[in-house]
Every structure is written in C-alpha cells, then in structure tokens.
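Quick notes on the structure that follows.
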Amino acid sequence: MSSAPPRPPAPRAPRMKKDESFLGKLGGTLARKKKAKEGPPDGPGDQEALPRILKSVLWSHRRAAVSDLQEEGKSAINSPMHPASVDIHPEDTQLEENEERTMIDPTSREDPKFKELVKVLLDWVNDVLVEDRIIVKQLEEDLYDGQVLQKLLEKLADRKLNVAEVTQSEIGQKQKLQTVLDAVLDLLRPHGWALRWSVDSIHGKNLVAILHLLIALATHFRAPIRLPEHVSVQVVVVRKREGLLHSSHVSEELTSTTEQMMGRFERDAFDTLFDHAPDKLNLVKKSLITFVNKQLNKLNLEVTELETQFADGVYLVLLMGLLEDYFVPLHNFYLTPESFDQKVHNVSFAFELMLDGGLRRPKARPEDVVNLDLKSTLRVLYNLFTKYKNVE
C-alpha cells in the first residue's frame, strides 16, 4: 500500500477558439436535415416494444439454460483432471505437525482468465479508494493486514468501523481483521453467502481467500464491473505428517456465471441478447436511437451510431441536461475531448449526473463506453430509457 499524490482539481474543458461556438463544434449537425421518422420496430410503439423485446429474449433463453447447466455439470464431473506437478521445498514451507497450507499452482497463475479476474478486482479496489489516496499494487501484499480492507468496507458500506487506524503487531493486525470480517459477515450472512475466508487465511496472504472475499463484496455491492466467468484454479494443499510434507491438488472455483454470482435478475437481457438473440439487436438499437434523438433533436443533434457517438461522453452529458431540464456548464466537461482520459472524464461526469437524477450507478465502467463496447453503451442508455421514456 502506498500513498498517491493529491488529486488535481477536476479538469476544465479547453477554451474554445474564437470561431468555435458551442453548436458549431458539433459541425454539420445544424445544417443536416432531420431524417424522416421511421415506424416502430415492433408493435404499437418503441416505448412498449423495447422492454417486451428484451424480456422475451431473456425468458426464452432461461428454459434452455437449465438443461445446459445440467450438461455442463456432468461434463465437469466426468472430465479427468491432470494437475501439474509442483515442487514443494521444505525450507520454504515451515509447518508444524499436522498443519496445512495452500498455494495456487503456478500454471493457474498464468491462466489469462485468472489474470483478468485479479486485474478487474485490483482496478475496482483502486477505483473505490481513489479519494483516500490509496493505491493497491498487489492484493495479497496490500490487503493482508486489514488496513485497506477496513477502508474498502467503510467506503462501500458507508459506515465507520471502530478499529485502530494503524496496527504494526501481528496481534493488532489480526484483531483489526477480525473486526472487519465480522462486519462483512453481518452484511453477507442474511443473503446466504458461503464464507470461504478466515482471519488466518487473509493474514497468511492466501490469494484464493482474498479473491473469494473481494468477489463477495463486489457482488453484494453490485460493483460496476464485469467479472470473468468460469474462473477456476488448481490449489496445492501441503500438509505435514510425521515430519514429512505431503501435497495434493484441489480444483477451486472462483467465479461461475454472471447469472449465478449476481442472481438471476442481475444477468440482464443484454447478455442474453448478444449471446443468443443477435437477430433482435437491431430492433433494440433502433428503439434506443429513437429515444435519444427525441431529446437531442431539441439541439438539432442526431445520433445514428450508438457504438461511436456516445464514446466521448459529450452526448451523454447533453442528454442528461435535456432529460433533467437544466443547462450543464461547459467548464464541467470537455466539449471537444481529444485524449482517452478526457473522454473517460466526460462519461464519468455523465454517470454522476445520473446519480444526481436518482438513477443507480450504471453497471458499465466509463472506460468500457469509451472503448466502444456496445453492450455497455446499451446498458447505460436503457437505464435512462426506463426512467425517462415518457419525458417530452
């Protein structure tokens, strides 16, 4: 854990050139004639059609998912496993008689999906703690003593824990960890979570236990991240018996499907739409384009490509101002963003406006929208559609 330098003040949009007016920046849009309005994609109107399309896509897939899950389970049970051999060096594994220790097989650490999971969780922790000027570089090295976990839980749960701020001794660190994990237990126990970590495993820098804890917190607090699915690792279990070290391999599942981890309602229709009903994608896009243009046309603006035209965040900011009926000061965002960071700032600012408007924080990350991830952009726009579809 290390301290980052104080955050600079929120960036201001660069001053516009003398001949570059607010609407002039949007070049050509004012002169473009509005296209003739097209008919609804399906049924009596877009407002009714879009939710019906997404619901039908989602529910039509759920029946098939049950049999698929059964087959997947049979395959997992019947598939032979040949874990790689791992050399255990007694000098590196000082154990008492009958004591047990676990470690991740080196081959599992190199698995791309495992690396992605670690990176997603690491980035999420740093995003949550950015205002506290905390930077986590390595999960097992920075979270084991309870200091960062305390700050993370306080931020997520919006509560203060009664623990010492700094603890150097092992006893003090474990006492802090116990308090933090007890608070986690109070949050997760009513929801039937299986707790797969302990004070000793976290303090012992057991990465598997730390990952289980972070996944549970991210899931419970509905973090705006997408955890990679079906991530498993081979865990080496080392035990000392009669003075000798004995090792065995166990397969440890870290993530399953998004639907199973987040709850059935959390795997939204867009997951199913992209995976199983791409033929309906254009209908959904058309409905959302109609919705956003109903507002943007007030500024003589028009969207034709959802994939690209929301990526710099400008239209998202303008759209929120139109939907909530206020003017967004130009110094709060970049009207002509040029860098990736400026675009991320715009999208993040739009997300803050959504929160101010009473919406929940989007599941997508600002970086996903900037990186032209269509599914993320659709989620953000559909979130707006569900609240503002009747706004004139």
Side-chain angles (χ1 to χ4, degrees), residues 1-4 7 117-167 172-203 205-227 254-255 258 260-267 348 351-366 383:
M1 181 178 71
S2 60
S3 295
R7 299 180 66 200
L117 175 64
V118 172
K119 184 179 186 305
V120 168
L121 290 172
L122 185 64
D123 290 345
W124 171 63
V125 171
N126 283 323
D127 286 344
V128 173
L129 298 177
V130 65
E131 293 182 357
D132 293 305
R133 299 189 297 173
I134 293 175
I135 299 177
V136 175
K137 296 182 178 179
Q138 196 171 1
L139 294 177
E140 60 265 50
E141 294 296 332
D142 292 340
L143 271 64
Y144 82 96
D145 62 359
Q147 183 80 8
V148 173
L149 285 175
Q150 172 205 343
K151 298 297 184 183
L152 179 66
L153 185 60
E154 288 179 339
K155 199 78 172 180
L156 293 171
D158 193 22
R159 56 176 290 193
K160 184 70 175 175
L161 297 179
N162 185 22
V163 293
E165 283 299 317
V166 179
T167 53
Q173 291 171 353
K174 287 189 173 182
Q175 288 175 342
K176 171 177 280 193
L177 265 177
Q178 187 67 61
T179 301
V180 174
L181 296 183
D182 284 346
V184 172
L185 178 61
D186 291 340
L187 288 171
L188 301 184
R189 180 164 39 197
H191 302 280
W193 276 93
L195 307 185
R196 304 170 74 174
W197 56 84
S198 65
V199 170
D200 288 337
S201 63
I202 300 295
H203 194 268
K205 303 181 182 181
N206 185 315
L207 182 56
V208 172
I210 292 172
L211 291 174
H212 277 307
L213 173 59
L214 293 179
I215 290 168
L217 290 174
T219 303
H220 177 77
F221 288 101
R222 299 180 183 179
I225 57 177
R226 304 293 291 179
L227 297 173
L254 295 173
T255 67
T258 302
Q260 290 171 324
M261 289 186 292
M262 304 296 288
R264 176 172 293 183
F265 64 95
E266 284 291 335
R267 180 173 169 83
S348 299
F351 283 9
E352 294 301 320
L353 297 181
M354 294 174 196
L355 291 176
D356 291 342
L359 290 166
R360 296 182 60 179
R361 182 175 292 277
K363 291 171 62 177
R365 300 185 309 158
N383 195 31

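Because the structure is predicted, anything quoted here is derived from the model rather than measured.
When all heavy atoms of D200 and K174 are compared, the pair lying nearest together is OD1-NZ, 3.4 Å. Here the shortest heavy-atom pairing between G146 and L177 reads CA-CD2, 3.8 Å. Closest non-hydrogen pair, L214 versus W124, comes out as O-CZ3, 3.9 Å. When all heavy atoms are compared, the tightest approach of Y144 to I202 is CB-O, 3.4 Å. Nearest heavy-atom pair across K137 and D142 is N-OD2, 2.8 Å. Heavy atoms only, all atoms of each residue included: I210 and E140 are closest at CD1-CA, 3.6 Å.
Within the 3.5 Å criterion, the main-chain N or O of W197 finds no donor-acceptor partner in the side chain of S201. One N or O on the side chain of D145 and one on the backbone of Q147 form a donor-acceptor pair closer than 3.5 Å. Between the side chain of E154 and the backbone N or O of L161 there is at least one donor-acceptor pair closer than 3.5 Å. Using a distance-only test at 3.5 Å, with no hydrogens or angles considered, a donor-acceptor pair links the side chain of N126 to the main chain of V136.
Separation of atoms CE (M354) and CG (D356) is listed at 11.0 Å; rounding is to 0.5 Å. Rounded to the nearest 0.5 angstrom, K151 NZ and L156 CG are separated by 13.5 Å.
Contact check for F351 versus L359: no side-chain heavy atoms found under the 4.5 Å cut-off. Side-chain contact between V125 and I134 is absent, with no heavy-atom pair separated by less than 4.5 Å. Side chains of L129 and D132 form a contact here, defined as non-hydrogen atoms less than 4.5 Å apart. In this structure the side chain of L181 never reaches within 4.5 angstrom of the side chain of L195, judged on heavy atoms. I215 is listed as a side-chain neighbour of T255, based on a closest heavy-atom distance under 4.5 Å. Contact annotation: the side chain of L227 approaches that of L121 to within less than 4.5 Å [non-hydrogen atoms, C-beta and beyond]. In this structure the side chain of L213 never reaches within 4.5 angstrom of the side chain of L143, judged on heavy atoms. Counting heavy atoms from C-beta outward, R226 and V120 have side chains that stay 4.5 Å or more apart.
Under 4.0 Å is where a charged nitrogen must lie from a carboxylate oxygen, and between E141 and K205 at least one such pair does.
The salt bridge (Lys or Arg N to Asp or Glu O under 4.0 Å) analysis of residues 120-129, with sequence neighbours excluded, yields the pairs K119-D123.
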